[in-house]
Colleague: 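This is the structure I want to talk about, given as structure tokens.
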Amino acid sequence: MSDSIRGACYCRGVTYEARGESKWVAHCHCINCRKAHGAPFVTWAGYLREQGVVSDPDGLTARYTTDTDATRTFCSCCGSTL
């Protein structure tokens with residue numbers, strides 16, 4: 001079993017990797033998560049900053065701040081939530 005998790009947005013313009021064990025895992029049912037994902041809840045895993053690497057060579061990541069100060073990051077090319 002690998003000790004890292006890798007992923008990318010739909011267009012593969014932004015990639016990421018998290019190494020080692022997560023510090024926590026949780027389900028969130030807040031209105032911001034439900035609206036952003038179109039689902040009744042979202043599962044999150046938390047890692048220390050030094051455990052993760054994000055590659056965005058073309059500067060595709062964009063951010064949106066909600067009226068409740070939640071920040072949503074997504075790929076500006078394909079719209080994938082990051």
Colleague: Indicate, with yes or no, if Y16 and V53 share a hydrophobic cluster defined by side-chain heavy-atom contacts under 4.5 Å among Ile, Leu, Val, Met, Phe, Trp and Tyr.
Modeller: no
Colleague: For residues L82 and V14, determine if any side-chain heavy atom of one lies less than 4.5 Å from a side-chain heavy atom of the other.
Modeller: yes
Colleague: Holding to side chain to side chain contact (heavy atoms under 4.5 Å, CB included), I want the full list of residues that pass it with C78, two or more places apart in sequence or in another chain.
Modeller: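 Once residues adjacent in sequence are excluded, the partners of C78 under the side chain to side chain contact (heavy atoms under 4.5 Å, CB included) criterion are C9, Y10, C11, C75, S80.
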Colleague: Going by salt bridge (Lys or Arg N to Asp or Glu O under 4.0 Å), name the pairs with one or both residues in residues 16-34, residues two or more places apart or in two chains.
Modeller: R6-E17, E17-R19
Colleague: Grab the two heavy atoms, one from A36 and one from T81, that are nearest each other, plus how far apart they are.
Modeller: O-OG1, 4.4 Å
Colleague: Suppose we screen for side chain to side chain donor-acceptor pair (under 3.5 Å). Which residues come up paired with T68, at least two apart in sequence or across chains?
Modeller: N32, T66
Colleague: Over all heavy atoms of both residues, which pair between L60 and G13 is shortest? Give the atoms and the distance, please.
Modeller: CD1-CA, 3.7 Å
Colleague: What residues, two or more places apart in sequence or in another chain, satisfy side chain to side chain donor-acceptor pair (under 3.5 Å) together with T43?
Modeller: H27
Colleague: Consider only side-chain heavy atoms of I, L, V, M, F, W and Y, link residues closer than 4.5 Å, and tell whether W24 and V42 are in one cluster.
Modeller: yes
Colleague: Tell me, which pairs form a ring-ring contact (aromatic ring centres under 6.0 Å, His included) where one or both residues lie in residues 42-82, sequence neighbours left out?
Modeller: H37-W44
Colleague: For residues 56-78, which residue pairs qualify under salt bridge (Lys or Arg N to Asp or Glu O under 4.0 Å), counting only residues two or more places apart or in two chains?
Modeller: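 Not a single pair qualifies under salt bridge (Lys or Arg N to Asp or Glu O under 4.0 Å).
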Colleague: Calculate, to the nearest 0.5 Å, the distance between atoms CD and OG belonging to Q51 and S4 respectively.
Modeller: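 Between Q51 CD and S4 OG, I get 11.0 Å after rounding to 0.5 Å.
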